[in-house]
Amino acid sequence: MSGVAVPHEGGVPHNDDGVPDPGEMTGIPRTAAPPPPRPPLAHALRDAGIAALVALGLFIPLVGLRTDVGPSGGGLFIRTRWTDVAIIVGLVFAGRLALNLWESLRPERRAPTARRTALLGRIGLLVAPVLLGFAIALPFLPGTSRYVLDLGILVLTYVMLGWGLNIVVGLAGLLDLGYVAFYAVGAYSYALLSTTVGLSFWICLPLAGLLAAFWGVLLGFPVLRLRGDYLAIVTLAFGEIIRVVLINWVSLTGGPNGISGIPRPSFFGLSFSAGGGPGSFSDFFGLEPSPTHRVVFLYYLILALALLTNWVTLRLRRQPLGRAWEALREDEIACRALGINVTNTKLTAFAIGAMFGGFAGAFFATRQAFVSPESFTFIESAIILAIVVLGGLGSQLGVALAALIMIGGFEAFRDLEEWRMLAFGAAMVVIMVWRPRGMVSTRTPSISLGKRKSISGDLVGEGHG
Amino acid sequence: MSTPILPTPILEVRDLVMRFGGLTAVDRVSFEAARGEITAVIGPNGAGKTTVFNLITGFYTPSAGEILLHGRDGQRPLHATPGHRIAQAGVARTFQNIRLFPGMTVLENLLVAQHNRLQAATGFGIAAVLGLGGYRAAEREAVERAKHWLEATRLLDRADDAAGSLPYGAQRRLEIARAMCTDPVLLCLDEPAAGLNPRESEELAELIRLIRTGGCSILLIEHDMGVVMNISDHIVVLDHGKKIADGIPAAIRADEKVIAAYLGTGDDDEAPSPAVEGAA
Amino acid sequence: MAYALQQLINGVALGMIYGLIAVGYTMVYGIIGMINFAHGDIFMVGAFISLISFVLISSGGWAAGPGAILLVLLVSMAVTALYGWSVERVAYRPLRGSFRLAPLISAIGMSIVLQNYVQVAQGARVKPMESIVTGGVELWHGNGFAVSISTMQAMIVIVTLVVLAVFTWLVTRTPLGRAMRACEQDRKMAGLLGIDTDRTISITFVIGAALAAVAGTMYLLRYGVIDFYIGFLAGVKAFTAAVLGGIGSLPGAVLGGLLIGLIETFWSAYFSVQYKDVATFAILVITLIFMPTGLLGRAEVEKV
C-alpha cells in the first residue's frame with residue numbers, strides 16, 4: 001500500500017489535474033484478474049472431466065485403499081472402497097460442471113452501486129443492536145435450554161477472544177499466531193492463584209489480565225521489531241513454548257493432567273451451590289435452587305466481559321493510541337517520521353490484546369473448573385485468528401458474526417463428529433475465497449467533521465507485522 | 001559564493017559521510033540551512049540527496065559527521081537521536097513516494113500527526129478511555145489545527161474522505177499538511193513537485209512560501225528547476241555524494257561545475273541528462 | 001566423543017527430513033510471499049501414500065527391495081504432487097493478489113481439511129509398519145560405545161542429497177527455474193515478459209509437494225509409525241527451519257533443517273527430551289532477535 005492514488009468509488013476529483021494517477025497508468029488491476037471468457041457447454045464438460053480425473057488421482061489411494069490394522073494385531077491390510085471413490089468423483093464432476101455453467105449463465109457481476117452500499121450500511125447499523133438485544137435476552141427467551149446457554153457462553157468466549165486479538169491483528173496490524181498463550185496464562189493464573197493461595201475469582205480476574213499483559217510485554221519486547229512472517233512464526237513459537245512448559249512443569253501445573261477443583265465464581269459473595277444452603281444465591285433471593293442459575297450467571301459474566309472488551313476497544317480507537325495503532329498498520333515508516341514511538345505503540349497493542357486474552361482465560365478456568373494444556377493448542381490460536389480475519393480485520397461486528405457462525409455452526413453440527421472439523425476447515429477456505437477481506441470489510445473513521453463515511457476495505461492497509 | 005551570515009542556522013551539517021558497504025553515498029558533505037529560509041538540495045540522479053535527507057530525519061545513522069539542529073530547546077545532535085525523537089524535536093518530513101495512511105480519513109491523518117501532544121493529554125490513556133480530564137479540549141484544539149492546515153492546502157471539503165481516495169496532487173498537499181501538524185521548526189520536503197502539473201507546481205510553491213512566512217524553515221529536495229529557482233533562498237548542489245556548489249539561486253545558475261554536473265560533461269562518463277530546466 | 005558423533009549422525013538424518021520439507025515452505029514463500037500452512041499436512045499425505053503403496057506391494061507378494069522403495073517413492077511423489085497442485089488451485093489461486101492474511105487463513109483451513117480428511121479416510125489410529133530397511137555399519141568403536149550409521153540413515157542422507165541435487169539443477173539451470181526466479185523477483189514484470197505466472201506457481205507447489213513426499217517416505221521408513229497428525233509438528237519445525245535459514249533462500253532451508261535436526265537431537269541426548277521443542281523454538285527466537293532475516297536471508301533494506 002504505497003501512496004498510489006486509487007480513485008474512490010463515486011469520488012469526484014477535487015482538482016481535476018491532468019496528471020493520470022500512477023495506479024491507473026500501469027493498468028494493473030488491484031484485485032483479481034478479469035473473469036475468464038464464458039465457456040460454452042463443451043468447454044464446461046471438458047473442464048469438469050479434467051476435474052473428475054484429478055479427483056480420481058487424489059481419492060483412489062487415500063479413500064479407495066483404506067489401511068487397517070489386522071484383526072490379529074499384525075501388519076496392515078487393505079480394504080478397498082471403490083464405491084466411495086466413485087461417489088466422490090461423481091460429485092466433483094457434477095459440482096464443477098454446475099459451477100462452470102453457473103459462471104457462464106449468470107449475469108455479469110455488477111459493481112456494488114452507491115445505493116446498494118448505503119442500504120447495506122443501514123442494515124448493518126441495525127445488526128449490532130439486534131444481536132446485542134438477543135444476547136441480553138437469550139437466557140429468558142422461551143425454549144432456551146441449558147445446552148443453548150452453554151453454547152452461548154462458548155460463542156461469547158470466542159467473541160471476546162476475537163475482539164482481544166482484533167486489537168493486535170486488526171488495528172495494529174501485527175500478525176500474532178500465538179494468542180492462545182495469553183489465554184493460557186490467564187487460565188493458569190486463576191487456576192493457580194485460587195487453588196494455592198485461595199484468592200477469589202473477583203480478585204484473580206484483574207490479576208490474570210495483568211499477568212497476561214505482563215507476559216505480552218515480556219514476549220513482545222524482543223520480537224516486535226521483527227516484520228511480517230518472522231513475527232508470525234515467533235509468536236507461534238511462544239505459544240508452543242508455553243504449552244510445552246505447561247505440560248512438563250508437573251510440580252506447578254500438574255502436567256498433562258492439568259489442575260482441577262478450581263473454585264467457581266460467586267455472585268457478590270453468594271455461592272451457586274446446588275444444595276441451596278444458607279449464603280447461596282437461591283437462598284438469598286428466595287428461589288428454588290437450580291443449577292441453571294450458575295449457567296445464567298456465567299453467561300452474563302462472559303457477556304459483560306466481552307462487552308467490556310468491545311467498549312474499551314471502541315473507546316481506544318477514538319483515542320490517539322488507537323489511531324496510532326491503525327496508522328502503524330497503514331504505514332510504519334510514516335509513523336516514525338511523525339514522531340510516534342513505534343515500539344511502545346506496538347507493545348501497548350500487544351499488552352492490551354494479551355490482557356483481554358487473560359481475562360477470557362480466567363473466565364474459561366472458572367467455568368470449566370478445570371484447566372489442562374490440551375485446551376491451549378495451536379489450533380485454538382488459528383481458530384481465533386480465523387474469526388478475526390473471516391469477520392473482517394478491525395471490525396467489531398464482523399468478529400462477533402464470524403464467532404457466531406464458525407463456533408455456533410461448529411456446535412450445531414456436532415452429530416457429524418469427525419466430519420465437522422473437516423467442514424470447519426472447508427468453511428474457512430470457502431469464506432476466504434468468497435470474501436478475502438472478511439464479512440465486514442469497510443472501516444469506520446474514528447472522527448469526522450461532517451457525516452461519517454465508511455472506507456472501502458481496498459484502501460485499508462493490512463500491516464507489516 | 002559563501003553562505004549568508006546569520007546568527008544561528010536552524011540546521012548545521014558537518015562532514016557528513018554515509019557508506020553502504022563499499023559505496024560512499026554521501027562524502028564529507030557540509031552545509032547550513034538558515035533559519036526562516038528555504039534551502040534547496042539539488043543534484044542529478046544518484047547524487048545522494050535522498051540519503052542526506054534520510055540521515056537528517058534519522059532513517060539512517062551516518063557513518064561519520066554531525067547534524068546539529070538549533071531548535072526550540074537549544075542545540076540537538078540529530079545524528080545521535082533515535083528516529084521518532086527527531087520528529088519530536090521539530091523536524092518533519094514528507095516522502096518522495098507519498099506515504100499517507102491510505103485507509104484513514106484526511107482528518108485522521110492529521111490527528112495521527114499530533115499524536116504526541118494528544119497522547120500527553122490522555123493521562124496514560126486511562127482518563128481518555130473513561131472520558132475524563134482535559135482530553136476533549138486537547139482534541140478540539142487538534143481538530144482546529146488540522147482544519148487550519150486543511151484550509152491552507154484546500155482540502156477542507158475532503159476531510160472525511162479516505163486519504164487513499166484522493167487524487168495524486170491532493171495526496172501531495174495532504175502529506176505536507178500532515179507534516180505541518182507536528183508543529184515543526186524545520187520542514188523537509190522530498191521532491192514535493194514530482195508528478196505535479198505546472199499549475200499545481202505553482203500552487204505548491206505558494207504553499208511552501210506560506211509555510212515559511214509562518215516561521216518554519218524549509219529544506220527541500222527538488223528536481224523541478226523551475227520550482228527550485230523560483231522559491232529557494234539558498235541552494236546546495238550535490239553530485240556523486242559530494243557538495244559541488246552552495247549559494248543563492250542566481251549564483252548556482254551561473255556555476256560552471258553545476259552545469260557540468262547536469263550536462264554530464266564533467267570527468268565522469270555518466271550519460272548526459274536532459275537540460276537543467278524541466279528535468280523531472 | 002563417540003556418543004556425540006552418534007548424535008551427529010542421528011541429527012543429520014533427522015535434519016535432512018526437515019530440510020526437504022523446509023524447501024517447500026521457502027519456495028512457496030519466495031514466489032508468492034505466503035506461509036503455506038498446509039505444507040506440513042502435504043508431508044503427512046505423502047507419508048500415507050507411501051504407507052498405502054508399501055502395504056499394497058507387500059500384499060501383492062512383492063519383495064520389498066530397493067526397487068520397491070524406488071517405486072513407492074515415485075508413486076508417492078506423483079500423487080502428493082497432485083495434492084499440492086489441487087490445494088493451490090482450490091484454496092490459493094482464487095486469492096492471488098488479494099490481501100496478505102486471506103491466503104494464510106485459507107492455508108490454515110486447508111491444513112485442517114487435509115488432517116481431518118485423512119483421519120476420516122484412513123482412520124484416527126496410529127498406523128504401524130514393520131521396518132523394511134534394516135542393518136547398518138559400525139563405523140567406530142570407542143570407550144565401549146559403538147558409533148554406527150544404519151542403512152536407513154545412509155539412505156535418507158543419500159536420497160535427500162540426490163533429490164536436492166536434481167532440484168538445484170532444476171531451479172538454476174533450466175528455463176523453468178529461470179521462470180520461477182523471475183516470478184520471485186517481480187511477478188507482474190515476469191507476467192508482462194510472457195512468463196505464465198500461474199503455471200509457474202503451480203509447478204512450484206508441485207515440486208514442493210514432491211519433495212515433501214520424499215520426506216514423508218523417509219519419515220515412514222525411519223520411524224515406522226504415522227498418523228494423521230504428524231504433519232503439524234513436522235510442518236512447524238520445517239517452517240522454523242526455513243525461517244532460521246532465511247525464508248526465501250533454498251540453501252538456507254536445508255541449512256536450517258540440518259540445524260533444527262541437530263539441535264533437537266543433541267538437546268534430547270544431553271538435556272531433556274521433554275523440552276526439545278522448547279529448545280528448538282528458543283533458538284529460533286534468539287536467532288531472529290539478533291539476525292532478523294535469518295542466517296542466509298537477504299537483509300531487507302528499508303526503502304524510505
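First the proteins, then the strands, lettered A, B, ... as listed; each starts at 1. Since the model is a prediction, treat every value here as computed from it, not as a measurement.
Partners of Gln75(B) by side-chain contact (heavy atoms from CB on, under 4.5 Å), not counting sequence neighbours, listed by chain and number: Leu68(B), His70(B).
Within a 6.0 Å sphere centred on CD of Glu141(B), heavy atoms belonging to other residues, nucleotides or ligands number 12 at most. No more than 12 heavy atoms of other residues, nucleotides or ligands shown are found within 6.0 angstrom of CZ on Phe221(A).
Residue with the most contacts toward chain A among Ala113(B), Pro184(B), Ala179(B), Ala142(B): Ala113(B) (heavy-atom pairs, distance under 4.5 Å). Among Val91(B), Thr182(B), Leu111(B), Ile86(B), the residue making the largest number of heavy-atom pairs under 4.5 Å with chain A is Leu111(B). With chain B as partner, the option from Gly339(A), Ala324(A), Ala337(A) having the largest number of non-hydrogen pairs under 4.5 angstrom is Gly339(A). Ranking Asn341(A), Thr348(A), Val342(A) against chain B, the residue ahead of the rest is Asn341(A), based on heavy-atom pairs under 4.5 Å.
Looking at Glu175(B), neither its backbone nor its side chain comes within 4.5 Å of chain A, counting heavy atoms on both sides. Both the backbone and the side chain of Thr105(B) come within contact range of chain A, with heavy atoms under 4.5 Å apart. Residue contact with chain A, scored on non-hydrogen atoms closer than 4.5 Å, is absent for Val106(B). Only the side chain of Asn116(B) has a heavy atom closer than 4.5 Å to any heavy atom of chain A. Of the two parts of Arg443(A), only the side chain, counted from C-beta on, holds a non-hydrogen atom closer than 4.5 Å to a non-hydrogen atom of chain B. Heavy atoms closer than 4.5 Å to chain A are found nowhere in Arg117(B), neither backbone nor side chain.
The line from CZ of Arg99(B) to CG of Asp331(A) is 4.5 Å long, rounded to the nearest 0.5 Å. To the nearest 0.5 Å, atoms CD (Gln119(B)) and OG1 (Thr345(A)) are separated by 7.5 Å. Of the inter-residue distances, the one linking Met104(B) atom CE with Arg329(A) atom CZ reads 7.0 Å to the nearest 0.5 angstrom.
Pairs of residues two or more places apart, or lying in two chains, never qualify as salt bridge (Lys or Arg N to Asp or Glu O under 4.0 Å) while including a residue from residues 165-174 of chain A.
The two residues Val112(B) and Ala327(A) make their nearest non-hydrogen contact at CG1-CB, 3.6 Å. In plain terms, the two heavy atoms of His84(B) and Ile340(A) that are nearest each other are CB-O, 3.3 Å. Heavy atoms only, all atoms of each residue included: Asp160(B) and Ile447(A) are closest at OD1-O, 4.5 Å. When all heavy atoms are compared, the tightest approach of Glu330(A) to Gly103(B) is OE1-N, 2.7 Å. In terms of heavy-atom proximity, Phe101(B) sits nearest to Ala334(A) at CE2-CB, 3.8 Å. Between Ala87(B) and Leu338(A), the closest heavy-atom pair is CB-C, 3.7 Å.
Checking side-chain atoms of Glu108(B) against main-chain N and O of Ser446(A) turns up a donor-acceptor pair under 3.5 Å.
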